Undergrad: 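If you scroll down you'll find the structure; I have some questions about it.
Reckoned from all heavy atoms, side chains included, excluding hydrogens, waters and symmetry mates. On a predicted model such as this, the values are computed, not experimentally measured, just so you know.
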Amino acid sequence: MQELASVENTIRPNIIPITDFCAPELDVYARLTEGQLLNRHEPEKGMFIAESPRVIERALDYGCIPVSILIETRQIETQGKEIITRCGQIPVYTAPFDVLTQLTGFQLTRGMLCAMYRPAQKTIEEVCVNARRIAVLENVVNPTNVGAVFRSAAALGMNGVVLTPACSNPLYRRAIRVSMGTVFQIPWAFLPEGAQISRLHVLGFKTVAMALKEDSLRMDAPQLAKEPRLAIVLGTEGDGLAADTIEACDYTVRIPMAQGVDSLNVAAASAVAFWQLGTVRDREIL
């Protein structure tokens, strides 16, 4: 406990050593489910957990309001120092690494978590207003895939992401972590319950279904690159896009495959599609 004692000598009032695993203020890190954090009944009180200093910084840059911090003791004066300063006088719960692992049930990425209030949900109109290229996810339920799609979308020239209501929430802890915090860098919104892909047509987009159809266009088809506003629609991990979604789209595109492989994971497919069809190819960064 020498490490803890040395920090406590210079401790600020909001640094709180953990002495009781059952303390209710630690529920947000150790016992609440993602559904409970989401808090659908009182969305203004909904929270999420940001993990690692880099992700927490991106959430703060976006304007998310921190509630509390859970941090490994030795990180207080190293990687966590600037973040703690930025967060003001919120509670900072601390313990050695092995104690935090027992509390949370997993090893903390760089020894730091931050509970934050969820930002106000954007509408698809807000996401699409100035966008040239957006990604649309239909029923992608794995938070790892959602996070990976967001990271590719941010890196490869998508201006926004639209999700159907059945998709995993981008602010689930694992989705945030896999995205490396890019869920705070690229605007996103859920389609309203019952809304169809055709709603994107009203907003001025031509839609591209990523689907395994023999009559699909090549991804480098000239007409796709010429479209001023394009929505790239990707489907669920198992069955892909629904038949009526494909039928409603303006184009269908298939990634050419070799070696008898018939498809890619949705996250991998998104990276290929975003590279070919996203705005990043218009920039002089290559």
Undergrad: Give a yes or no on this: more than 12 heavy atoms of other residues, nucleotides or ligands lie within 6.0 Å of atom CZ of Arg218.
TA: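 For Arg218, atom CZ is not crowded (no more than 12 foreign heavy atoms under 6.0 Å).
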Undergrad: First locate atom SG of Cys128, then atom CZ of Arg229, and finally report the distance between them rounded to the nearest 0.5 Å.
TA: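 Between atom SG of Cys128 and atom CZ of Arg229 there are 6.5 Å.
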Undergrad: Using the rule that two of Ile, Leu, Val, Met, Phe, Trp, Tyr join whenever any of their side-chain heavy atoms come within less than 4.5 Å, decide whether Val129 and Leu200 are in one cluster.
TA: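 Hydrophobic grouping puts Val129 apart from Leu200.
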Undergrad: Between Phe48 and Phe184 (judged by ring centroids, cut-off 6.0 Å), do the two rings come close enough to count as a pair?
TA: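 For Phe48 and Phe184, the ring centres are under 6.0 Å apart.
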Undergrad: Count the heavy atoms belonging to other residues, nucleotides or ligands that lie under 6.0 Å from CD of Gln36, then report whether that count exceeds 12.
TA: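 Counting neighbours around CD of Gln36, more than 12 heavy atoms of other residues, nucleotides or ligands fall under 6.0 Å, so yes.
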Undergrad: Without swapping roles, check the side chain of Thr73 against the backbone of Ala95 for a donor-acceptor pair under 3.5 Å.
TA: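 Side chain of Thr73 to backbone of Ala95: a pair is present.
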Undergrad: Should we count CD of Glu193 as having more than 12 external heavy atoms under 6.0 Å?
TA: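 No, the 6.0 Å shell around CD holds no more than 12 heavy atoms from other groups.
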Undergrad: Is it the case that the side chain of Thr236 and the backbone of Asn139 share a donor-acceptor pair, with hydrogens and angles ignored and the cut-off at 3.5 Å?
TA: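 Flag set: sc Thr236 to bb Asn139 pair under 3.5 Å.
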Undergrad: Before giving the answer on side-chain hydrogen bond (donor to acceptor under 3.5 Å, both in side chains), spell out for Glu138 and Thr245 the whole-Å C-alpha distance, their side-chain angles and the decisive distance to 0.1 Å.
TA: CA-CA 9 Å; Glu138 181 182 78; Thr245 299; 2.4 Å; yes
Undergrad: Determine, step by step, whether Thr78 and Gln75 satisfy the side-chain hydrogen bond (donor to acceptor under 3.5 Å, both in side chains) criterion, reporting the C-alpha distance in whole Å, the side-chain angles of both residues, the deciding distance to 0.1 Å, and the verdict.
TA: CA-CA 5 Å; Thr78 55; Gln75 300 286 8; 2.9 Å; yes
Undergrad: Output yes when Arg133 and Glu227 qualify as a salt bridge under the 4.0 Å nitrogen-oxygen rule, no when they do not.
TA: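 Glu227 and Arg133: not salt-bridged.
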Undergrad: Is Asp220 atom CG crowded by more than 12 heavy atoms from other residues, nucleotides or ligands, each under 6.0 Å away?
TA: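 For Asp220, atom CG is crowded (more than 12 foreign heavy atoms under 6.0 Å).
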Undergrad: Kindly work out whether a path of hydrophobic side-chain contacts (I/L/V/M/F/W/Y, heavy atoms less than 4.5 Å apart) joins Val233 to Leu203.
TA: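 Looking at the clustering, Leu203 is in the same group as Val233.
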Undergrad: What's the spacing between Ile197 CD1 and Asp250 CG if we round to 0.5 Å?
TA: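 Result: 11.0 Å between the selected atoms.
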Undergrad: Just by modelled atom types, is the Ser216 backbone N or O under 3.5 Å from a matching donor or acceptor in the Arg254 side chain?
TA: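 Such a contact is absent between Arg254 side chain and Ser216 backbone.
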Undergrad: Run the numbers on Thr182 and Arg151 for side-chain hydrogen bond (donor to acceptor under 3.5 Å, both in side chains), then give the verdict.
TA: CA-CA 6 Å; Thr182 55; Arg151 192 171 183 181; over 6 Å; no
Undergrad: Would the number of heavy atoms belonging to other residues, nucleotides or ligands and lying under 6.0 Å from CG of Asn130 be above 12?
TA: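 At most 12 heavy atoms, drawn from other residues, nucleotides or ligands, come within 6.0 Å of this atom.
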Undergrad: Is there a donor in the side chain of Tyr29 and an acceptor in the side chain of Ser68, or the other way round, less than 3.5 Å apart?
TA: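 Per modelled atom types, Tyr29 and Ser68 side chains form a pair under 3.5 Å.
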Undergrad: Inspect the surroundings of CD in Glu247 and state if more than 12 heavy atoms from other residues, nucleotides or ligands are less than 6.0 Å away.
TA: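 No, CD of Glu247 has 12 or fewer neighbouring heavy atoms, counting only those of other groups under 6.0 Å.
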